[in-house]
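The structure under discussion appears below in the form of structure tokens.
Residue numbers start at 1 and run along the sequence shown.
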Amino acid sequence: MQLRRVRIVGTGKYLPEQEVTDEELDRRLHVPAGWVSKATGVGVRHYASGAETSSFMGARAAEAALADAGLTFADIDCLVCTSGTKEQPLPSTAVFIQQAMGQQDSGVPAFDMDATCLSFLNGLDVISYMVDAGRYKRVMLVATEIASKGLNWSNKESAALFGDGAAAVIIERSPEGESSQIVHASLKTYSRGARFSEIAGGGTRLHASNYVAEQPEPYLFHMDGQAIFRMASRLLPAFIDDMLQATGNQMKDFQLVIPHQGSAMAMRLIRKKLGIEEDRFMDITRNHGNTIAASIPMGLHEAIKQQRIQRGDRVLMIGTAAGLSLGGLIFDY
């Protein structure tokens, strides 16, 4: 186990104003009525538009988390953006979130951590050590994602799955006598699956200057959902078993499991493979879609607001990400 005396003191969420239903996407994708609902299990997802940039959404989620915690930005020592998409290649999105909060002269350190869909989980794992050690007193973690801008509409399944949005979580060191803590975390990457989920263009290998409007595919999102499903279904049970053995837990010990909201198929896989009861499984896919790294902190936010977890409850957060990576984190809320 890797105990860290860290607690969550506030959460916040922002969803763009534009709602996009399965029925609308059926028409846009020129598929039979009901196809999107059956393929994705979403229902409604949100798309950013107009002034709703990544930093705008992240700032609104951050402000909501501050209000939830009864804090102001002056109480924050560090701002970390834990997202799989970036507002622009340089500088980091965290810088623009700070600016969008009107804190451009604060001097509070702001930087990004990217592990695609597991960015928040990985960021929480890494930064919690710094909070526990006293390097930072209080840290704001923000996951803000705009997937809709990079969708390849000829890849119908993935295009229908994703949504936009942001979530923020504030952490601090747990006071003496309180049970809140991070118990254990694990991240494993199997780069055999690196090409299963990617945007190939935009970096130094396929620079943006090489973009050709007639051939945009390298600069759009590509996903081989079946390949990811096969690889994850093979690796996930042993991955979870290792986490349970490391902590002496059984699945029944968790008050709630909060997964990355990958797809309806992914939700079914996780529940079936791991034997998780429905009332202990946080599924927000139906009204969010796959919001990349924001999906886990959104699920956490909703779990707290719906009072599905209380202080002291043990919670498991799990997911997969491009890479192919598997991640999990056990904490006592």
Side-chain angles (χ1 to χ4, degrees), residues 14 16 47-63 65 73 76-127 130 135-136 139-152 162-169 187 189 191 194-195 197-213 215-223 291-297 321-323 325:
Y14 178 87
Y47 285 176
S49 60
E52 290 175 320
T53 61
S54 293
S55 56
F56 173 88
M57 297 194 308
R60 302 296 83 80
E63 290 162 355
F73 191 85
I76 301 300
D77 301 300
C78 183
L79 192 163
V80 184
C81 180
T82 56
S83 300
T85 61
K86 292 174 65 68
E87 184 158 315
Q88 64 185 58
L90 189 74
S92 66
T93 304
V95 170
F96 293 113
I97 294 172
Q98 186 202 73
Q99 187 181 70
M101 296 180 74
Q103 300 297 329
Q104 60 267 26
D105 297 317
S106 65
V108 170
F111 55 88
D112 291 0
M113 296 183 69
D114 178 10
T116 65
C117 293
L118 292 172
S119 296
F120 170 77
L121 192 151
N122 190 57
L124 176 60
D125 179 26
V126 173
I127 296 299
M130 303 180 78
R135 174 64 176 86
Y136 295 120
V139 177
M140 171 87 75
L141 301 167
V142 182
T144 179
E145 305 281 19
I146 297 182
S148 60
K149 301 297 185 184
L151 297 176
N152 184 344
F162 287 88
D164 304 336
V169 173
L187 180 75
T189 298
S191 55
R195 299 294 185 189
S197 182
E198 66 174 341
I199 298 176
T204 56
R205 186 173 66 87
L206 293 175
H207 193 266
S209 61
N210 296 322
Y211 175 82
V212 177
Q215 295 179 314
E217 285 76 14
Y219 300 87
L220 299 174
F221 179 69
H222 163 75
M223 181 177 74
T291 54
I292 316 178
S295 74
I296 290 179
S325 293

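- Judged by distance alone, the side chain of Asn122 and the main-chain N or O of Met113 form no donor-acceptor pair under 3.5 Å.
- If you take NZ on Lys149 and OG on Ser49, they are separated by 7.0 Å, rounding to the nearest 0.5 Å.
- No side-chain heavy atom of Phe221 sits under 4.5 Å from any side-chain heavy atom of Asn152.
- One finds the CG atom of Leu220 at 12.0 Å from the CD atom of Glu198 (value rounded to the nearest 0.5 Å).
- Checked against ring-ring contact (aromatic ring centres under 6.0 Å, His included), Tyr211 has the following partners two or more places apart in sequence or in another chain: Tyr219.
- Side chain of Thr93 to main chain of Glu87: a donor-acceptor pair is present (N/O by atom type, distance under 3.5 Å, no hydrogens or angles).
- Here the closest non-hydrogen pair linking Ala59 and Ala100 is CB-CB, 3.7 Å.
- Atom CG in Asp164 sits 5.5 Å away from atom CE in Met57 (nearest 0.5 Å).
- For the pair Asp112 (side chain) and Ala94 (backbone), a donor-acceptor distance under 3.5 Å is present.
- Rounded to the nearest 0.5 angstrom, Ile146 CD1 and Lys86 NZ are separated by 13.5 Å.
- With hydrogens and angles left out, the side-chain atoms of Tyr14 and Glu63 include no donor and acceptor closer than 3.5 Å.
- Nearest heavy-atom pair across Asp114 and Gly84 is OD1-CA, 3.6 Å.
- Taking 4.5 Å as the limit, some side-chain heavy atom of Phe111 sits within range of a side-chain heavy atom of Val80.
- With contacts defined as side-chain heavy-atom distances shorter than 4.5 Å, the pair Asp125/Leu187 does not qualify.
- The nearest pair of heavy atoms linking Ala110 to Ser92 is O-OG, 3.9 Å.
- Considering CG of Asp77 and CE of Met130, their distance stands at 11.0 Å, rounded to 0.5 Å.
- In the model, Ser119 has no side-chain atom that pairs as donor or acceptor with a side-chain atom of Thr82 under 3.5 Å.
- Judged as a salt bridge (charged side-chain N to carboxylate O under 4.0 Å, His left out), and not counting sequence neighbours, Arg135 has no contacts.
- Shortest non-hydrogen contact noted between Ala293 and Ser83 is CB-CA, 4.1 Å.
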Donor-acceptor list for residues 201-210 side chains, cut-off 3.5 Å, not counting sequence neighbours:
residue: His207; atom: ND1; partner: Ser209; partner atom: N; Å: 3.0
residue: His207; atom: ND1; partner: Ser209; partner atom: OG; Å: 3.0

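- A pairwise comparison of heavy atoms in Ala321 and Cys117 identifies CB-N, 3.7 Å as the closest pair.
- Between Leu124 and Val169, every side-chain heavy-atom pair lies at or beyond the 4.5 Å cut-off.
- A donor-acceptor pair under 3.5 Å is absent between the side-chain atoms of Glu52 and the main chain of Pro16, judged by distance alone.
- Looking at every heavy atom in both residues, Ala322 comes nearest to Ser197 through CB-O, 3.4 Å.
- Side-chain N or O atoms of Gln98 include none that pairs as donor or acceptor with a backbone N or O of Val95 at under 3.5 Å.
- A distance-only check finds a donor-acceptor pair linking the side chain of Thr53 to the backbone of Phe56 [under 3.5 Å].
- No side-chain heavy atom of Phe96 sits under 4.5 Å from any side-chain heavy atom of Thr144.
- Side chain to side chain, Glu145 and Thr85 meet the donor-acceptor criterion of an N or O pair below 3.5 Å.
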